[in-house]
Amino acid sequence: MPSPTHPKPETQNIASLLKEGRTFPPSPEFVANAKVQGMEGYKALYEEAKSNPDAFWAKQAGELQWIKPFEKVLTWNEPHARWFEGGTLNASINCVDRHLKGPNRNKAAIIWEGEPGDSRVLTYQMLHREVCQFANGLKLLGMKSGDRATIYMPLIPEAVVAMLACARLGIVHSVVFGGFSAEAVAERTKDAGATLVITADGGYRRGKSIPLKANVDDALNRCPDVAKCVVYKRTGEPVQMKPSRDIWWHDLVQGVEAHCEPAAMESEDPLFILYTSGSTGKPKGILHTTAGYLLGASYSHRMVFDLRDDDVYWCTADIGWITGHSYVVYGPLCNGSTLMLYEGAPDFPAKDRFWEIIAKYGVSVFYTAPTAIRAFIKWGDELPAKHDLSSLRLLGTVGEPINPEAWIWFHEKIGKGRCPIVDTWWQTETGAIMIAPLPGAVPTKPGSATLPLPGIIAEVVDKKGNPVGDNEGGYLVISRPWPSMLRTIFNDDARYRSAYWETVPNVYFTADGARRDQDGYLWIMGRVDDVLNVAGHRLSTMEVESALVNHPSVAEAAAVGRPDEIKGEGIVVFVTLKQGKIADDKLKQALREHVSKEIGALARPDEVRFAESLPKTRSGKIMRRLLRDIASGNQTTGDTTTLEDLSVLAKLRDDEE
Ligand code: WTA
């Protein structure tokens, strides 16, 4: 593992971040209407939470709707936390039913636009009806509390309905991103022990339809435990229906009652599993439980987006990622927000689709990823300039460090210098935003996620857990349990301990490098493990490598990241071939496609390079740092399909690794 002071070579980024000295305080008008006003407001709340965390979280938990109140705030038995024991509640009551008594009843819960331009609005009352009917349908299929279901859907309202219907019955959902391959669906479905898959015939992406059901058919050949598959008709493309297993969504809910009693779930009952990449090849099933997760998602959503009743709030993430779980579904709905949902690509049919949507629906909060912002910059300033973006009042980013240039562009061209930007740091594992400015309180600095939220204790330390000095690089750790923390890795508690609790003693290890500046602001420097961040999505180098070595031509492979202007990181793979296999462009292309088929298009390598052998240390470890340097162009050995001889370089570097 590289030391945190020498993390992966996003060094250019870090160097420019180090030079960044601008600060942007919120405007007096923004502060005047904010929930938490000025630094004094932030500091008071932070201190309140720090001095008596149990009381602080108990107070916040009072915002949830409980079936039975909890008796104890936290039982901490490192590394296992139990929050709000004794209480029962249901996530779908909190996200839907609670809004039916009062002015939110007929408020839009979801404003949805499909990629082809079709659109729908679901009020809270309508959402309630759909969730109840679908939950009753799931009951008819024999599903019950504690069972697991895979959800593999396009970004349509029914994806949200499916999640909430599962939650209503206590079925643990595992959403698999619609861009992942059949292979990925099969692996996750098997690991979770899911007995049901909820999918659609297809979904739209850049005008084409993605064959979701066909992928599920392929996946289910390898998943004998899946008894039922519900299929929503979205595209109308022909699909195969296996009569004993498959049922159309519309047939399932036909004539079904629109009342469904929600299950009383214990606080610590699982709500969902979400798979994410770690340092090794196999994705980790991150397990989140009901009360703590819901509290983390709703509290942070309310605070960080300084929520107002009349907001039209748009988080552009897909529900296949944690951002979609916490800030498309659970956080906003729990808070009774109106959320914008858009099915398709930002550049379809034209590259101003997002700006058109913001203008059309009067979006007021816009939360997106730095990689998208960098693409917008490339597409040209005239596109946002063509649209009325005056409804916006707050902007946000997530997924990777934002380079100051992109931050400034976002601030000027989208926010017109008026809207604060919340750069939010968090992870699948943390469940909710951990480090971000409260926008009416904390002045922002481009490139910094600023300060931890009240209730969160984040530190930058060395391997032994000792705090490092101001502006020195170290590991970012969280030193106190928080409600929405992951509880374990599904079926692998040993990996949970070793991945998060054994690197630095007594604290949660984030695997991110960071520094804290003289004002206490945190600057995230990127991962210190073998996790790649491609367009804000996590992939492990080993996942890509194991996909490659199961191609018949490949003997050995190493995948590394290299800086990419748009995606943050791109993937370069070095491959040695089996005896007699020909290194040519055709094989390069075949290998790129192979990885894409095994994992999904987002894992497709940007470049394939053939090598005679991979550079290794005397002890046999692949010299990744050397490969990263070569991949990022710091050392070139020529191009094309000729076999690169990396052994000389390896010899030169051997002593370093
Ligand atoms: C990175 C996404 C810098 C980080 C919510 C983290 C960030 C990983 C930021 C988690 C940010 C996320 N600034 N880096 N604002 N947000 N990251 O699990 O490396 O998909 O560990 O969760 O993304 O990715 P994940």
Side-chain angles (χ1 to χ4, degrees), residues 4 7-8 10 13-14 17 20 175 177 179-180 273-279 283-286 288 293 296-297 300-301 304 315-328 330-331 367-373 395-404 406-407 410 421-437 444-453 458 460 475-478 484-486 489 499-500 503 508-515 521-540 543 561 567-569 602:
K8 290 191 289 178
E10 294 100 8
N13 222 349
I14 291 166
L17 290 178
E20 184 56 55
V175 182
F177 172 54
F180 275 134
I273 301 167
L274 182 62
Y275 286 85
T276 189
S277 301
S279 307
K284 305 189 272 200
I286 303 300
H288 282 290
Y293 171 79
S300 58
H301 178 255
V304 174
C315 164
T316 64
D318 189 272
I319 48 142
W321 310 108
I322 191 66
T323 307
H325 283 61
S326 304
Y327 300 107
V328 175
Y330 289 109
Y367 185 34
T368 194
T371 184
I373 297 168
L395 305 173
T397 68
V398 59
E400 52 178 314
I402 180 164
N403 45 311
W407 195 102
F410 201 33
I421 298 180
V422 290
D423 174 350
T424 63
W425 179 89
W426 60 295
Q427 308 177 299
T428 306
E429 292 86 344
T430 69
I433 296 170
M434 305 290 277
I435 303 172
T444 51
K445 301 186 189 186
S448 169
T450 75
L451 304 170
L453 295 195
V460 183
Y475 296 116
L476 179 67
V477 298
I478 310 295
S484 63
M485 66 196 288
L486 77 165
I489 293 174
Y500 306 109
T503 313
Y508 169 81
F509 176 62
T510 66
D512 275 324
R515 70 178 171 93
Y521 279 48
L522 291 157
W523 299 77
I524 312 298
M525 290 153 59
R527 302 285 301 196
V528 295
D529 58 7
D530 286 325
V531 170
L532 301 168
N533 191 327
V534 178
H537 301 317
R538 276 168 69 169
L539 287 169
S540 84
E543 263 171 291
K567 293 191 287 185
E569 250 182 324
L602 62 93

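Because the structure is predicted, anything quoted here is derived from the model rather than measured. For ligands, and for the atoms within them, numbers begin at 1 and follow the listed sequence.
Panel note: side chain Thr397, backbone Thr368; no donor-acceptor pair is recorded below 3.5 Å. Between the Asp423 side chain and the Pro401 main chain, no donor and acceptor come within less than 3.5 Å of each other.
Nearest protein neighbour of atom 5 (C) of ligand 1, counting heavy atoms only, is Trp426 CE2, 3.4 Å. Considering only non-hydrogen protein atoms, atom 18 (O) of ligand 1 sits nearest to Thr428 OG1, 2.5 Å. When hydrogens are left out, the protein atom nearest atom 9 (C) of ligand 1 is Glu400 N, 3.5 Å; that is the closest non-hydrogen contact.
Rounded to the nearest 0.5 angstrom, Phe177 CZ and Ile319 CD1 are separated by 10.0 Å. Atom CD1 of residue Ile435 and atom OG1 of residue Thr424 lie 10.5 Å apart, to the nearest 0.5 angstrom. The structure places CD of Glu429 at 9.0 Å from CD1 of Ile322, a figure rounded to the nearest 0.5 Å.
Atoms of ligand 1 lying under 4.0 Å from any heavy atom of Arg527, numbered from 1 in the order shown and given with element: 19 (O), 21 (O). Atoms of ligand 1 found under 4.0 Å from any heavy atom of Ile322, numbered from 1 in the order shown, are 5 (C), 22 (O). Close contacts of ligand 1 with Thr424, meaning ligand atoms under 4.0 Å from a residue heavy atom, involve 9 (C), 11 (C), 15 (N), 16 (N). Close approach of ligand 1 to Val398 is summarised as follows: ligand atoms under 4.0 Å from at least one heavy atom of the residue are 5 (C). Shown in contact with Thr323 at under 4.0 Å from a heavy atom are these atoms of ligand 1, numbered in order with element: 5 (C).
Remark: ligand 1 and Asp423 share an N or O pair separated by less than 3.5 Å (distance only, no angle test).
Residue Asp512 touches ligand 1 through its side chain alone, judged by heavy-atom distances below 4.0 Å. If you look at Pro401 next to ligand 1, the close heavy atoms, those under 4.0 Å, come from the backbone and the side chain alike. Of all the heavy atoms of Val531, none lies under 4.0 Å from any atom of ligand 1, so neither backbone nor side chain is involved. Only the side chain of Asn533 comes within contact range of ligand 1, with a heavy atom under 4.0 Å; no backbone atom does.
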**Request:** Mind running side-chain contact (heavy atoms from CB on, under 4.5 Å) on Ile478 and Met485 for me, showing each step along the way?
**Result:** CA-CA 10 Å; Ile478 310 295; Met485 66 196 288; over 6 Å; no
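Under 3.5 Å, the side chains of Ser326 and Tyr293 contain a donor-acceptor pair of N or O atoms. There is a side-chain donor-acceptor pair under 3.5 Å between Ser300 and Tyr327.
A side-chain hydrogen bond (donor to acceptor under 3.5 Å, both in side chains) with Ser277 is found for exactly one of Arg538, Glu543, Lys284, namely Glu543.
Judged by the shortest distance from any of its heavy atoms, Gly399 lies inside the 4.0 Å radius around the atoms of ligand 1. The closest approach between any non-hydrogen atom of Trp321 and ligand 1 is not below 4.0 Å.
With distances taken over non-hydrogen atoms, the option nearest atom 20 (O) of ligand 1 out of Arg538, Met525, His325, Glu429 is Arg538.
With sequence neighbours left out, His537 forms a ring-ring contact (aromatic ring centres under 6.0 Å, His included) with Trp321.
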